[in-house]
Amino acid sequence: MSAGFTAPSATSGYDDAQPRMGFFTDTSVCIGCKACEVACKEWNDIPATLFEFSGKSYDNTVGLGADVWRHVAFIEQRVPRIQEAALSGVFTEERPGEGGEGGLADFRWLMSSDVCKHCTTASCLDVCPTGALFKTEFATVVVQEDICNGCGYCIPACPYGVIDQRKDDGRAWKCTLCYDRLKGDLEPACAKACPTDSINFGPLEAMERMAAERLDTVMAAHVPGAQLYGDGPSGGMDGVGSLFLLLDQPEVYGLPPDPVAVTKHVGQLWRAAAVAGAALVGAAVASFAGVRR
């Protein structure tokens with residue numbers, strides 16, 4: 001943060017704040033069952049997403065939005081990308097009889113359940129003019145739909161493209177990390193429904209340790225291209241509450257490689273604007289004085 005300015009979202013501000021809670025999503029064991037999507041919709045009473053052909057294999061929901069708070073991506077990689085990944089050590093499996101005479105298979109699946117990142121410095125919260133977005137005692141970010149006025153400022157502010165407006169009422173919606181369940185000491189519906197423990201939930205520090213240990217395990221299994229996403233303050237972010245173990249580059253999963261909190265440098269921008277304004281006033285005064293003479 002720039003000196004003299006702290007984004008409202010940088011701290012929860014509670015005297016009795018609880019341990020920060022978060023997700024660790026291990027994409028290496030995701031089977032694409034969409035149980036998390038269904039559980040999320042069911043618990044949060046989210047409108048159904050019509051099954052439409054998206055052109056993206058079995059991915060009919062396409063991405064996160066006002067009516068999709070958990071999105072399971074189906075990424076089908078064909079021979080050129082697999083060969084490139086194999087050379088870098090990301091994918092080394094050979095399946096005789098597939099993809100030609102021995103050698104690599106024609107394709108592989110990468111599956112991942114994406115969700116709101118519940119950022120430390122949450123730009124969506126910082127730009128909200130009504131206070132509809134707030135940080136909970138668990139350091140998660142929630143939208144209060146009864147206060148949201150549909151201005152839409154939060155949408156371009158999110159570096160992950162998570163938050164969105166519903167067409168029928170214009171208000172913003174996104175994952176709440178099942179705030180109502182957290183207050184009842186229950187895990188979020190998506191994590192509860194995941195049959196393979198791809199989605200893990202708990203205190204963020206515990207999730208960070210789990211993610212690091214899982215990365216070591218996957219690397220030991222000769223998948224050197226595996227990597228953690230969201231585990232550090234990269235790209236100008238001050239940390240997130242949703243970590244991911246990926247088996248390829250973030251862009252492959254539709255994730256920005258260098259997300260930036262657009263409000264992080266608001267203090268610097270205001271100071272620059274003040275200097276520019278003072279210079280403009282000075283020039284105007286000098287010009288007026290010159291005219292008088």
Side-chain angles (χ1 to χ4, degrees), residues 1 6-25 36 39-46 64-70 113-151 153-155 157-166 171-193 199-208 210-211 230-231 233 237-244 259 261-264:
M1 291 291 171
T6 300
S9 64
T11 177
S12 62
Y14 289 85
D15 293 333
D16 57 344
Q18 301 297 310
R20 184 175 184 180
M21 307 302 283
F23 287 120
F24 164 50
T25 301
C36 56
C40 178
K41 282 182 174 290
E42 183 73 20
W43 180 263
N44 294 290
D45 196 24
I46 302 172
L64 295 172
D67 295 336
V68 182
W69 298 1
R70 265 282 179 185
S113 180
D114 196 11
V115 71
C116 175
K117 312 308 179 289
H118 293 277
C119 307
T120 301
T121 299
S123 298
C124 59
L125 188 162
D126 292 334
V127 302
C128 179
T130 66
L133 283 109
F134 75 101
K135 183 158 283 192
T136 74
E137 62 269 36
F138 303 101
T140 58
V141 181
V142 174
V143 183
Q144 300 171 94
E145 63 270 16
D146 58 333
I147 299 178
C148 177
N149 68 356
C151 69
Y153 294 166
C154 56
I155 295 172
C158 175
Y160 300 99
V162 168
I163 197 165
D164 195 13
Q165 292 169 295
R166 285 185 182 162
R171 293 177 296 175
W173 302 81
K174 73 170 192 69
C175 163
T176 67
L177 217 152
C178 285
Y179 182 41
D180 53 344
R181 292 178 63 88
L182 295 193
K183 290 190 292 185
D185 199 27
L186 299 171
E187 64 180 328
C190 57
K192 183 70 174 179
I199 301 173
N200 301 275
F201 167 78
L204 186 58
E205 290 185 357
M207 295 297 98
E208 291 171 342
M210 179 185 291
D231 61 326
M237 299 297 293
D238 296 313
V240 295
S242 299
L243 311 176
F244 298 82
V262 297
T263 56
K264 184 177 177 65

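The residues of the chain are indexed from 1 along the displayed sequence.
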Sequence neighbours excluded, the answer for side chain to side chain contact (heavy atoms under 4.5 Å, CB included) partners of A132 is C128, T130, I147, C148
| request: Kindly indicate whether the side chain of Q144, heavy atoms from C-beta on, has any atom under 4.5 Å from the side chain of L133. | output: no
M21 and T140 have their tightest heavy-atom pair at O-CG2, 4.1 Å
More than 12 heavy atoms of other groups within 6.0 Å of F134 CZ
yes
Closest non-hydrogen atoms of L243 and A211, given as atom of the first, atom of the second and distance, are CD1-CB, 4.2 Å
Using atom types as modelled and distance alone, determine if a side-chain donor or acceptor of N149 lies under 3.5 Å from a backbone N or O of C151.
yes
Applying salt bridge (charged side-chain N to carboxylate O under 4.0 Å, His left out) to K174 and not counting sequence neighbours gives none
Taken to the nearest 0.5 Å, the spacing of L186 CG from R181 CZ works out to 5.0 Å
What do the steps show when you test W173 against V143 for side chain to side chain contact (heavy atoms under 4.5 Å, CB included), and what is the final call?
-> CA-CA 7 Å; W173 302 81; V143 183; over 6 Å; no
Sorted by chain and number, sequence neighbours left out, side-chain hydrogen bond (donor to acceptor under 3.5 Å, both in side chains) with Y179 holds for E137
Between C119 and K135, the two heavy atoms sitting closest are O-NZ, 3.2 Å
Checklist entry - Short question: side chain of S123, backbone of V262 - any donor-acceptor pair under 3.5 Å? => result yes
Requested in this report: Decide whether D238 and T121 meet the rule of one side-chain donor and one side-chain acceptor closer than 3.5 Å.
Outcome: yes
R171 meets the side-chain hydrogen bond (donor to acceptor under 3.5 Å, both in side chains) criterion, sequence neighbours left out, with D169
Hits for side-chain hydrogen bond (donor to acceptor under 3.5 Å, both in side chains) against S113, two or more places apart or cross-chain, chain-then-number order -> R70
So, do V162 and W69 sit near enough that their side-chain heavy atoms are less than 4.5 Å apart? no
Next item on the list: Would you check, one step at a time, whether the test side chain to side chain contact (heavy atoms under 4.5 Å, CB included) holds for R166 with D67?
Entry: CA-CA 7 Å; R166 285 185 182 162; D67 295 336; 2.7 Å; yes
Value for CZ (F201) from OG1 (T25), rounded to nearest 0.5 Å, stands at 12.0 Å
* Asked: With a cut-off of 6.0 Å (strictly less than), are more than 12 heavy atoms of other residues, nucleotides or ligands near CD of E145?
  -> yes
Sorted by chain and number, sequence neighbours left out, side chain to side chain contact (heavy atoms under 4.5 Å, CB included) with V68 holds for T49, T61, H71
Problem set entry | Flag side-chain contact, heavy atom, 4.5 Å: V115 against F23 | yes
Sorted by chain and residue number, the side chain to side chain contact (heavy atoms under 4.5 Å, CB included) partners of I155 (sequence neighbours excluded) come out as I163, D164, Q165
Passes side chain to side chain contact (heavy atoms under 4.5 Å, CB included), D114 versus F244? Steps please.
CA-CA 9 Å; D114 196 11; F244 298 82; 3.5 Å; yes
Sorted by chain and residue number, the salt bridge (charged side-chain N to carboxylate O under 4.0 Å, His left out) partners of R20 (sequence neighbours excluded) come out as none
### Query
How about W43 and C178: do any of their side-chain heavy atoms sit closer than 4.5 Å?
yes
In terms of heavy-atom contacts, A39 and A193 come closest through CB-CB, 3.5 Å
Residues at least two apart in sequence or cross-chain that pass salt bridge (charged side-chain N to carboxylate O under 4.0 Å, His left out) with D180, listed by chain then number, are none
Practice item. Could you give me the CA-CA distance, side-chain angles and deciding distance for V240 and T120, then say whether side chain to side chain contact (heavy atoms under 4.5 Å, CB included) is met? Key: CA-CA 6 Å; V240 295; T120 301; over 6 Å; no
Here the pair of heavy atoms bringing C124 nearest to V141 is SG-CG1, 4.1 Å
dist L125:CG -> T263:OG1 (nearest 0.5 Å) comes out at 9.0 Å
Whether the side chain of S242 engages the backbone of C116 through a donor-acceptor N/O pair (distance < 3.5 Å, no angle test) should be reported.
yes
